[in-house]
There are 2 protein chains.
Amino acid sequence: MKEDKVKTFENILRKHHLKVTLPRLKVLENIFNKDTATSQPELEKSIGKDIDRVTLYRVLNIFEEKGIIHKIFDLHGTATYALCSPQCTTHQHHDEHVHFSCSICNSIYCLQEIKLPEISTPPGFSINQVAISAIGICNKCKSLKAASIS
Amino acid sequence: MKEDKVKTFENILRKHHLKVTLPRLKVLENIFNKDTATSQPELEKSIGKDIDRVTLYRVLNIFEEKGIIHKIFDLHGTATYALCSPQCTTHQHHDEHVHFSCSICNSIYCLQEIKLPEISTPPGFSINQVAISAIGICNKCKSLKAASIS
DNA sequence: TTAAGTGCAAAATCTTTGCAAATGT
DNA sequence: ACATTTGCAAAGATTTTGCACTTAA
């Protein structure tokens with residue numbers, strides 16, 4: 001693990017009053033290294049058995065509670081995790097970006113750059129947060145498809 | 001069960017080449033009678049043990065395959081089901097309405113009346129479907145809250 | 001030093017599968 | 001009659017809990 005990255009991860013942990021431990025650094029590293037949201041099974045595979053499965057669950061849960069990562073369900077209902085934006089806090093998440101789910105590879109991308117539309121609120125309801133999921137084919141699967149045709 | 005409703009449910013089943021059986025009618029009735037999307041455990045409770053849990057799972061799965069119901073995940077990742085719009089087919093769902101999740105009672109409402117916003121597609125991706133979830137407080141929980149204050 | 005975090009075993013859930021019996025057309 | 005559907009038992013998968021040991025601060 002690169003030294004500067006370790007420092008960054010350590011700072012994230014300290015900011016949330018969490019002790020700096022190997023499992024937590026490993027989880028942060030592995031989530032950070034992917035450009036798509038990662039599920040518990042994927043993390044288990046990529047981290048290897050350096051850390052216990054139960055610990056992995058516990059780390060993911062506490063990271064979500066603290067607002068370090070946010071949970072997104074993929075098309076099959078499996079929980080996946082991605083880093084939160086810096087303004088997330090323990091009690092309020094601010095991850096109101098579009099989540100793109102690829103129907104071929106099942107990957108989830110957090111598309112920060114797309115601006116969110118306004119949703120009109122029906123009478124009697126109040127809306128605190130809007131979650132937008134776009135479902136389609138991601139850029140990687142599209143190029144694979146194009147390659148297989150040509 | 002009312003006679004005319006039974007006829008409607010029977011027609012739905014026949015339209016999809018499914019045999020008319022008691023478990024299937026019960027599931028249709030119970031989903032139809034709720035104004036919010038219903039989870040497997042809720043259905044199990046409301047149907048009672050007239051039908052087996054495994055049958056319930058199987059009925060829900062085949063209904064979803066056939067496009068009779070659609071699956072929505074609630075805030076805790078539990079699958080919930082609601083009736084599809086009539087233009088849904090086996091291979092293509094057309095349920096692009098807003099799903100409202102109440103953060104108090106965890107209910108999910110299909111808000112057919114809200115018009116969907118346009119989402120701009122990032123380069124390299126293609127979007128087939130957009131799912132919008134609004135998270136907030138539903139009308140029932142709002143009035144409960146108001147009542148408890150006054 | 002000590003509160004927080006980890007690992008292991010075991011339990012609790014949730015969902016699917018195999019197969020014989022029952023049922024709809 | 002016969003393919004489909006159901007119910008039961010059992011397996012598989014996923015997630016949580018309890019508790020003793022370890023470790024960061």
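Proteins get letters first, then strands, A, B, ... in listed order; numbering begins at 1 in each. Atoms considered below: every heavy atom in the structure, side chains included; atoms not considered: hydrogens, waters and symmetry mates.
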>> Do Arg24(B) and Ile62(B) make a side-chain contact, defined as non-hydrogen atoms from C-beta onward lying under 4.5 Å apart?
In response: yes
> Other hydrophobic cluster members with Ile137(B), side-chain heavy atoms of Ile/Leu/Val/Met/Phe/Trp/Tyr under 4.5 Å, chained?
Replying inline: Ile104(B)
> How far does the helix from dT1(C)-dA25(D) to dT25(C)-dA1(D) bend, going by the axes of its first and last five pairs, to the nearest 10°?
Replying inline: 40°
Please list, pair by pair, any protein nitrogen or oxygen found under 3.5 Å from a nitrogen or oxygen in nucleotides 10-16 of chain C.
from	atom 1	to	atom 2	distance (Å)
dT15(C)	OP2	Tyr57(B)	OH	2.8

> Going by an N to O cut-off under 4.0 Å, is there a salt bridge joining Glu29(A) and Lys5(A)?
Replying inline: no
> Taking 5' to 3' order, which nucleotide of DNA chain D is first and which is last to have an atom within less than 4.0 Å of a heavy atom in chain A?
Replying inline: dT14(D) to dA25(D)
>> Can you list everything that forms a side-chain contact (heavy atoms from CB on, under 4.5 Å) with Lys45(B)? Sequence neighbours excluded, please.
In response: none
> Roughly how many Å is it from NE2 in His16(A) to C1' in dG5(C), rounded to a whole number?
Replying inline: 18 Å
>> Taking side-chain contact (heavy atoms from CB on, under 4.5 Å) as the definition, give me every residue that meets it alongside Phe73(A), ordered by chain and number, with sequence neighbours left out.
In response: Lys71(A), Ala79(A)
> For Ile108(B), what are the other residues in its hydrophobic cluster, where any two members join if their side-chain heavy atoms are less than 4.5 angstrom apart?
Replying inline: Ile72(B)
> side-chain hydrogen bond (donor to acceptor under 3.5 Å, both in side chains) with Asn106(B): which residues, sequence neighbours excluded?
Replying inline: Asp74(B)
> Can you name the nearest heavy-atom pair linking Ile127(B) to Ala134(A), along with the distance?
Replying inline: CD1-CB, 3.7 Å
> Heavy atoms under 4.0 Å, any strand shown: does Arg58(B) hit a base, just sugar-phosphate, or nothing?
Replying inline: base
Polar atoms only, N or O, under 3.5 Å: list the protein pairs with nucleotides 22-25 of chain C and their distances.
from	atom 1	to	atom 2	distance (Å)
dT25(C)	OP1	Val20(B)	N	3.1

>> Holding to ring-ring contact (aromatic ring centres under 6.0 Å, His included), I want the full list of residues that pass it with Tyr81(B), two or more places apart in sequence or in another chain.
In response: none
>> The criterion is side-chain contact (heavy atoms from CB on, under 4.5 Å); which residues satisfy it with Val20(A), sequence neighbours excluded?
In response: Glu10(A), Leu13(A), Arg14(A), Leu25(A)
>> Who clusters with Leu75(A)? Use side-chain heavy atoms, under 4.5 angstrom, across I, L, V, M, F, W and Y, and order the result by chain and number.
In response: Ile135(A)
> Which of these, Thr38(B), Thr8(B), Leu83(B), sits in a side chain to side chain contact (heavy atoms under 4.5 Å, CB included) with Phe32(B)?
Replying inline: Leu83(B)
> Does the pair Lys140(B)/Asp35(B) count as a salt bridge with the N-to-O cut at 4.0 Å?
Replying inline: yes
